[in-house]
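Structure first, commentary second.
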Amino acid sequence: MEYRTLGRSGLRVSAITMGTMTFGGGAFFDKVGSSGVAEARRQVDLCLDAGVNLFDTADVYSKGLAEEILGEALGPKRVDVLIASKVRFTMGPGQNDVGLSRYHIQRAVEASLRRLRTDVIDILYLHEWDGLTPLEETLSALDSLVAQGKVRYVGASNYSAWHLMKGLAVAEARSYPRFVTQQIHYSLEAREAEYELVPIAISEGVGILVWSPLAGGLLSGKYGPDTPSARQVAGWTEPPIRDVPRLWRIVEALRRIGAERGVSAARIALAWLLGRPGVSSLVVGGRDEAQFRDSLGAVEITLTAEERGGLDAISAPPVIYPYWHQNQSAASRFGPADFRGAP
């Protein structure tokens, strides 16, 4: 396993993170999996044996059941690994059972700690922006939890570029805990993060964890125009696919490279992401051990310049800022002088 430093922190995380959205299969995420404790324990042990040291979950996954299953599956092994969870979405019928208020954050974290059978969450993500709660209140609540030893590091998930920068600015101005990482949607099929989120991460020292690096399994090579995935059949539309013909061109390229190397298209897609600037770790999930084994093998693959260049070209996102973003996947290296005369 390869390990990478998370942002400007001193925390070292495995290049592959085990995702647990398939645990439980209850309300809200019932279309993505239904692993019980026995299967979860096998998957966790497989990842531990491979050197994975970060396990990602959220309170909303199966309405808390995913956290419960992860806590039970880890058992005493929890002391040697890192757990990341998230807070933001609705967890009850009350008016304050949702959002990023101090009230909800504190109650949600206490509940997550009980379900996970631990006394500290290593990384707590704000699962999505809350436009109703002042950011100062949210970050102050995180500051209290860090001071109490209930949270070690904080991060943002699914934030836009301005959300992320505002959070970093408020944290610096008030001496609140700083986001050490962001969890974002990023893959060969969806490279919009390269417009602003990736450059900001590089510039500001924020680690990048990627969710759905295989586009909900569509980049695994198992599916095509005439063979929809189980999630598609069930009506699951996240992450969204903006250009379907482009998707299948990418899949065909992945299949070709995989066939030449004797590995799956999924491993090639993950290896491409692991080689992108700023990426700290990929959050991978699976319905069974075979899927996890295949994903874990991606850390052993180094793409050639020709292979990477071909995938870059076929998956290139539309250029929306032609003056300063064209051909600049790491635009953070620009300084103010580079924008003189920009339209």
| task | Return yes if some donor-acceptor pair links the side-chain N/O of R114 with the main-chain N/O of R117 below 3.5 Å, else return no. | result | no
| Salt bridge flag under 4.0 Å for residues R261 and E307 | yes
| request: Establish, from distance only, whether the side-chain atoms of R88 and S157 form a donor-acceptor pair under 3.5 Å. | output: no
| query | So does E306 have more than 12 non-hydrogen atoms from other groups sitting under 6.0 Å from CD? | reply | no
| task | Please state whether the rings of W211 and H185 are parallel, tilted or perpendicular, taking 30° and 60° as the class boundaries. | result | parallel
| Can any side-chain N or O of K86 pair as donor or acceptor with the backbone N or O of D59 at less than 3.5 Å? | no
| message | Return the NZ to CH2 distance between K166 and W129, rounded to the nearest 0.5 Å. | response | 5.0 Å
| said: As a quick check of understanding, evaluate side chain to side chain contact (heavy atoms under 4.5 Å, CB included) for L142 and Y176, giving each step before the final call. | reply: CA-CA 8 Å; L142 297 180; Y176 291 148; over 6 Å; no
| query | Going by atom types alone, do S160 and H163 pair a side-chain donor with an acceptor below 3.5 Å? | reply | yes
| query | Any luck finding a side-chain donor-acceptor pair between S281 and T17 under 3.5 Å? | reply | yes
| field | Between OG on residue S85 and CG on residue L70, distance to nearest 0.5 Å | value | 9.0 Å
| said: Under 4.0 Å between a side-chain nitrogen and a carboxylate oxygen: does that hold for D312 and R276? | reply: yes
| task | Sort out for me which residue in L126, I121, V98, V60 forms a side chain to side chain contact (heavy atoms under 4.5 Å, CB included) with V87. | result | L126
| query | Does a side-chain N-to-carboxylate-O contact under 4.0 Å join R256 and E252? | reply | no
| task | Look at R78 together with D122 and state whether they make a salt bridge at an N to O cut-off of under 4.0 Å. | result | yes
| According to a 4.5 Å side-chain heavy-atom criterion applied to Ile, Leu, Val, Met, Phe, Trp and Tyr, with indirect links allowed, do L82 and I16 form part of one hydrophobic cluster? | no
| task | Ignoring hydrogens and angles, state whether a donor on the side chain of S112 or E67 is under 3.5 Å from an acceptor on the partner side chain. | result | yes
| To the nearest 0.5 Å, how far apart are CE in M21 and OG in S35? | 11.5 Å
